[in-house]
K.L.:
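Quick one: the structure is below, questions incoming.
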Amino acid sequence: MAQEVRGVVSPARDEPVRVETIVIPDPGPGEAVVKIQACGVCHTDLHYKQGGITDEFPFLLGHEAAGIVESVGEGVTDVTPGDFVILNWRAVCGDCRACRRGRPQYCFNTHNAKQKMTLAATGQELTPALGIGAFAEKTLVAAGQCTKVDSSVSPAVAGLLGCGMMAGIGAAINTGNVGRGDSVAVIGCGGVGDAAIAGAQLAGATKIIAVDIDDGKLEKARTLGATDAVNSRKTDPVEAIRELTGGFGADVVIDAVGRPETYKQAFYARDLAGTVVLVGVPTPEMTLEMPLLDFFSRGGSLKSSWYGDALPSRDFPTLISLHLQGRLPLGAFVSETIGINDVEEAFERMKKGDVLRSVVVL
């Protein structure tokens with residue numbers, strides 16, 4: 001039987017979000033209803049609100065979530081009611097060209113629920129953010145979007161792996177292939193950049209250089225594993241990174257901002273055969289102009305990282321285990337916990353750079 005619950009809806013471009021009553025249908029084949037316990041407020045949700053992803057308003061926001069499986073539809077075997085899960089937006093299909101080549105982390109046909117959640121008042125269909133829509137008491141997803149993890153972890157912490165934390169950690173470990181003894185520079189010390197720093201430390205990097213224009217953010221980055229900090233408002237970051245790496249540049253440079261100027265900094269701050277990882281998300285109008293000869297003469301790798309090249313079934317349980325062992329400080333990324341009515345204010349704090357993550361607790 002369909003249920004009515006509260007959820008945070010973005011009604012139109014740049015309009016304030018509002019809490020609405022939404023209708024959650026019973027799960028159909030391959031689907032699951034999840035009772036949400038916590039959901040992080042991510043920049044992607046703000047992009048949806050601003051119309052920067054699609055124009056398919058109204059959106060049911062929220063996607064960085066953890067909760068309990070309440071019910072499942074026909075044919076679902078990987079999760080059962082009562083399982084504690086992190087929601088993900090890479091529910092691999094198993095049949096696309098990437099999956100068939102043994103690279104499911106690049107799946108081109110990830111699954112979402114086929115049924116639509118709707119506004120109770122009007123029956124209008126909602127577009128769930130990243131196919132999840134978890135600023136809600138319950139949500140409907142494809143069962144493959146549910147990854148079971150150790151239930152002893154705090155939901156407010158676990159949910160962060162659903163997007164931003166996984167993007168940063170994965171950019172370092174999966175995409176950048178950071179290894180023991182490597183030097184790493186991370187440009188941009190927001191939530192994703194700091195997660196990349198934590199991932200680089202976890203991978204065994206011996207020098208981790210944090211780059212930002214905010215001294216407060218740089219100080220926070222040091223607590224999460226950065227060995228050095230560079231304020232790029234005061235110092236040329238390319239020269240500073242070279243100086244800190246014996247004049248060579250870093251083995252891996254991660255651009256967690258996603259602007260032409262920061263990408264150029266990352267490109268020239270790496271060693272001659274070093275790796276650049278772009279994990280910050282550019283906007284559509286951004287362009288890059290650089291001498292082609294510089295690409296030829298430097299070698300190495302230029303990579304983009306979507307979702308940290310994550311495979312949730314592999315990565316989520318492992319990272320939760322490392323957190324519970326005290327080796328990955330996920331809790332340090334939770335700046336505040338808030339209620340479902342406080343999301344609009346959380347967006348304002350995000351814009352000001354006052355928080356790493358606000359987390360809605362339901």
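Predicted, not measured: the structure shown is a model, and the values here were computed from it.
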K.L.:
Spell out, as yes or no, whether a donor-acceptor pair under 3.5 Å connects the side chain of Tyr48 to the backbone of Leu60.
P.N.:
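Side chain of Tyr48 to backbone of Leu60: no pair is present.
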K.L.:
What is the minimum heavy-atom distance between Ala2 and Asp26, and which atoms define it?
P.N.:
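Nearest pair, atom of Ala2 first, then Asp26: N-OD1, 3.9 Å.
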K.L.:
Give the C-alpha distance, both sets of side-chain angles, the deciding distance and a yes or no for salt bridge (Lys or Arg N to Asp or Glu O under 4.0 Å) between Glu219 and Lys217.
P.N.:
CA-CA 5 Å; Glu219 200 55 42; Lys217 289 185 177 181; over 6 Å; no
K.L.:
Tell me, please, whether Phe108 has Arg97 positioned over its six-membered ring: NZ or CZ under 6.0 Å from the ring centre and within 45 degrees of its axis?
P.N.:
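Yes, Arg97 lies over the aromatic ring of Phe108.
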K.L.:
Looking at Lys303, I'd like to know if its NZ atom is crowded, meaning that more than 12 non-hydrogen atoms belonging to other residues, nucleotides or ligands lie closer than 6.0 Å.
P.N.:
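Yes, NZ of Lys303 has more than 12 neighbouring heavy atoms, counting only those of other groups under 6.0 Å.
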K.L.:
Can Val277 be reached from Tyr263 by stepping across I, L, V, M, F, W or Y side chains whose heavy atoms are under 4.5 Å apart?
P.N.:
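No: no chain of side-chain contacts under 4.5 Å links Tyr263 to Val277.
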K.L.:
On a heavy-atom basis, which atom in Leu87 and which in Thr139 lie closest, and how many Å separate them?
P.N.:
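In this case the closest contact between Leu87 and Thr139 is CD1-CG2, 4.1 Å.
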K.L.:
I'd like to know if the side chain of Thr21 and the backbone of Glu4 have a donor-acceptor N/O pair within less than 3.5 Å.
P.N.:
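Such a contact is absent between Thr21 side chain and Glu4 backbone.
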K.L.:
Taking Asp271 for the side chain and Ala273 for the main chain, is one N or O donor matched with an acceptor at less than 3.5 Å?
P.N.:
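No; judged by distance alone, with no hydrogens or angles, the pair does not exist.
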K.L.:
Are Lys220 and Asp212 ion-paired here, with the side-chain N under 4.0 Å from a carboxylate O?
P.N.:
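Looking at Lys220 and Asp212, the cut-off is not met.
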K.L.:
Should Tyr106 and Val279 be counted in the same cluster of Ile, Leu, Val, Met, Phe, Trp and Tyr side chains packed under 4.5 Å apart?
P.N.:
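Shared cluster, no.
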K.L.:
Should the pair Arg6-Glu137 be classified as a salt bridge under the 4.0 Å nitrogen-to-oxygen rule?
P.N.:
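Yes, this pair counts.
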K.L.:
State, without any angle test, whether Gln145 and Glu31 hold a side-chain donor-acceptor pair at a distance under 3.5 Å.
P.N.:
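No, no side-chain donor-acceptor pair sits under 3.5 Å.
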K.L.:
Closer than 4.0 angstrom, basic N to acidic O: yes or no for Arg18 and Glu344?
P.N.:
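Salt bridge absent between Arg18 and Glu344.
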K.L.:
Main chain of Cys96, side chain of Asn109: is a donor-acceptor contact present, judged purely on distance under 3.5 Å?
P.N.:
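Here the side-chain-to-backbone pair does not exist.
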K.L.:
Test your reading of the model: is there a side-chain donor-acceptor pair from Asp342 to the backbone of Glu345, 3.5 Å cut-off?
P.N.:
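Checking the backbone N and O of Glu345 against the side chain of Asp342, no donor-acceptor pair under 3.5 Å is found.
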K.L.:
Using atom types as modelled, flag every donor-acceptor pair under 3.5 Å from a side chain in residues 157-181 to any protein atom, sequence neighbours excluded.
P.N.:
from, atom 1, to, atom 2, distance (Å)
Asn174, ND2, Gly308, O, 2.9
Asn174, ND2, Asp309, O, 3.4
Asn174, ND2, Asp315, OD2, 3.3
Thr175, OG1, Ser305, OG, 2.8
Thr175, OG1, Asp309, OD2, 2.8

K.L.:
Can you tell if the side chain of Phe84 reaches within under 4.5 Å of the side chain of Asp150, non-hydrogen atoms only?
P.N.:
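Phe84 vs Asp150: side chains apart.
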K.L.:
Between Glu243 and Ala240 (side chain of the first, backbone of the second, donor and acceptor by atom type, cut-off under 3.5 Å), is there such a pair?
P.N.:
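No.
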K.L.:
Identify the heavy atoms of Tyr268 and Val238 that sit nearest to each other, and give their distance.
P.N.:
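It is O-CG1, 3.6 Å.
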K.L.:
Applying the 4.5 Å side-chain criterion to the ILVMFWY set and letting contacts propagate, would Tyr307 and Phe333 be lumped into a single cluster?
P.N.:
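Same hydrophobic cluster.
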K.L.:
Who pairs with Glu261 by salt bridge (Lys or Arg N to Asp or Glu O under 4.0 Å), at least two apart in sequence or on another chain?
P.N.:
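Arg259.
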K.L.:
When you measure from the side chain of Arg270 to the backbone N and O of Phe267, does any donor-acceptor pair fall under 3.5 Å?
P.N.:
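Yes, the answer is positive, given that a donor and an acceptor are paired below the 3.5 Å cut-off.
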